[in-house]
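All figures in this text were calculated on a predicted structure; none of them were measured in a lab.
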Amino acid sequence: MGLLDTFRAVPWFFIGTAVTMGLLVGSFLNVVIYRLPIMLERDWKAQCLEYLGDKIVVKQPEPSGEHGKYNLVVPRSACPGCGAPITGLQNIPILSYAVLRGKCAACKTPISIRYPLVEALTGFLTGFLAWHYGVTWIMVFAVAYLWALIALTFIDADTTLLPDDITLPLLWLGMLVNTGGVFTDIGSATVGAAAGYLILWSVYWAFKLITGKEGMGYGDFKLLAAIGAWLGWQLLPLVILLSAAVGTVVGIAGIVMKGRDKGAKLPFGPYLAAAGFIAMVWGEQLNAWYLGRMPG
């Protein structure tokens, strides 16, 4: 009996394997969430220096290691407080955080609760998709879509950036996946990608012409385009409605409860990502329910 046959015969083993894989990937996503914005910033600085050349004057020396090799693999993960390397045993998802009681083993600097939360969220939702779709190719693609959305959610929450390094590959992968009609037909995916971008692009320019301010970033356009490429144009109204509703509620709650400035920048990507996940799993049922309640 092969591994796939075992997964089909013992569903709980398949789901448990998916959860374990999700926890491990969640640990890697923490690295992506933290390092990718830094990598992009360094790349932008290098491009600016190359473009400006001798015109730029550096008033202060660059921080130590600014030009050292820095990517998703190098340097090795270390405590931001004391710089002590994180060992393999200290990098076990969730368990190591519990054993260390949320503190660095060397200097006792508190470790953000966000790290185990991202791991737990990724593990739980990966297991959920394994249960929902079973041992199928759609489950594999759905998990890839989920992992990208999680990374984008937390990067945008931290930096208000939605990197092209994730949104554009996600868009093209959605188009390729749907050449086989996995989530929708390729025609709906193509229209969904174009419509997803143009809808928010139109809202952006209408808002800017009326108010003179920028209401959102271009990364939001690309993310909605990617969601449209994965799910088709038919689910875009649902995604926009859900993300706008949740974003409005969270924004008002932040102003009322935390005294947030009404003009403060609110990242929209997390709400698009959450709506995109909900639409993937329950979109057709929600559309059918809504259309069934319309008069006539």
Side-chain angles (χ1 to χ4, degrees), residues 36-37 40-41 43-45 47-48 51-52 145 148-176 178 183-255 260-280 283 286-287 290:
L36 184 56
L40 292 175
E41 182 180 355
D43 186 50
W44 296 332
K45 286 181 178 179
Q47 291 180 30
C48 288
Y51 176 75
L52 294 173
Y145 174 77
L149 291 182
I150 290 175
L152 289 169
T153 292
F154 288 97
I155 290 174
D156 198 25
D158 287 345
T159 65
T160 67
L161 294 173
L162 289 168
D164 288 353
D165 299 60
I166 301 178
T167 55
L168 294 184
L170 183 65
L171 189 158
W172 294 116
L173 180 59
M175 297 288 288
L176 289 173
N178 283 320
F183 292 95
T184 188
D185 61 89
I186 186 60
S188 295
T190 303
V191 175
Y197 189 93
L198 291 174
I199 288 170
L200 291 188
W201 180 86
S202 301
V203 171
Y204 168 88
W205 280 107
F207 184 82
K208 188 170 184 178
L209 289 172
I210 294 170
T211 66
K213 301 177 181 179
E214 296 184 355
M216 62 181 67
Y218 276 63
D220 297 315
F221 314 165
K222 297 167 190 173
L223 176 54
L224 188 58
I227 293 172
W230 278 80
L231 307 181
W233 65 266
Q234 297 89 340
L235 292 181
L236 285 180
L238 175 65
V239 172
I240 294 169
L241 178 63
L242 287 174
S243 57
V246 175
T248 300
V249 171
V250 172
I252 293 174
I255 293 171
R260 177 184 291 163
D261 181 6
K262 293 181 181 179
K265 197 171 182 180
L266 182 68
F268 192 47
Y271 311 117
L272 283 174
F277 177 79
I278 292 170
M280 177 183 68
L286 289 171
N287 265 355
Y290 176 75

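A distance-only check finds a donor-acceptor pair linking the side chain of N287 to the backbone of Q234 [under 3.5 Å]. Counting only distance, with no hydrogens or angles, the side chain of T160 and the backbone of D156 share no donor-acceptor pair below 3.5 Å. With hydrogens and angles disregarded, a donor-acceptor distance shorter than 3.5 Å links the side chain of S243 to the backbone of I240. No side-chain donor-acceptor contact under 3.5 Å links N178 to the backbone of D185. Between the Y145 side chain and the G174 main chain, no donor and acceptor come within less than 3.5 Å of each other.
Closest approach of P267 and A157 over heavy atoms only: CG-CA, 4.2 Å. Across every non-hydrogen atom of A151 and I166, the tightest pair is CB-CD1, 4.1 Å. Closest of all the heavy-atom pairs between L231 and G276 is CD1-O, 3.6 Å. In terms of heavy atoms, G283 sits closest to L238 at CA-CD2, 3.7 Å. The two residues T153 and P270 come nearest to each other via the heavy atoms O-CG, 3.6 Å. Closest of all the heavy-atom pairs between A279 and L235 is O-CD1, 3.6 Å.
Atoms CZ and CG, on F221 and L162 in that order, are 11.0 Å from each other to the nearest 0.5 Å. Interatomic distance, D164 CG to L171 CG, rounded to the nearest 0.5 Å: 10.5 Å. To the nearest 0.5 Å, atoms CZ (F154) and OG1 (T159) are separated by 13.0 Å. Atom-to-atom distance recorded for I227:CD1 and M280:CE is 10.5 Å, nearest 0.5 angstrom. One distance of note links NZ of K213 with CZ of F207; it measures 7.0 Å at 0.5 Å rounding. Taken from CG in D165 to CG in L152, the straight-line distance is 10.0 Å, to the nearest 0.5 Å.
Partners of T248 by side-chain contact (heavy atoms from CB on, under 4.5 Å), not counting sequence neighbours, listed by chain and number: I252. Residues that satisfy the side-chain hydrogen bond (donor to acceptor under 3.5 Å, both in side chains) test with Y197, not counting sequence neighbours, are absent from this structure.
Contact check for F268 versus L223: no side-chain heavy atoms found under the 4.5 Å cut-off. By the 4.5 Å heavy-atom criterion applied to side chains, P163 and I155 are counted as neighbours.
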Under the side-chain contact (heavy atoms from CB on, under 4.5 Å) rule, what do W230 and L170 come out as? Steps first, then yes or no, please. CA-CA 9 Å; W230 278 80; L170 183 65; 3.4 Å; yes
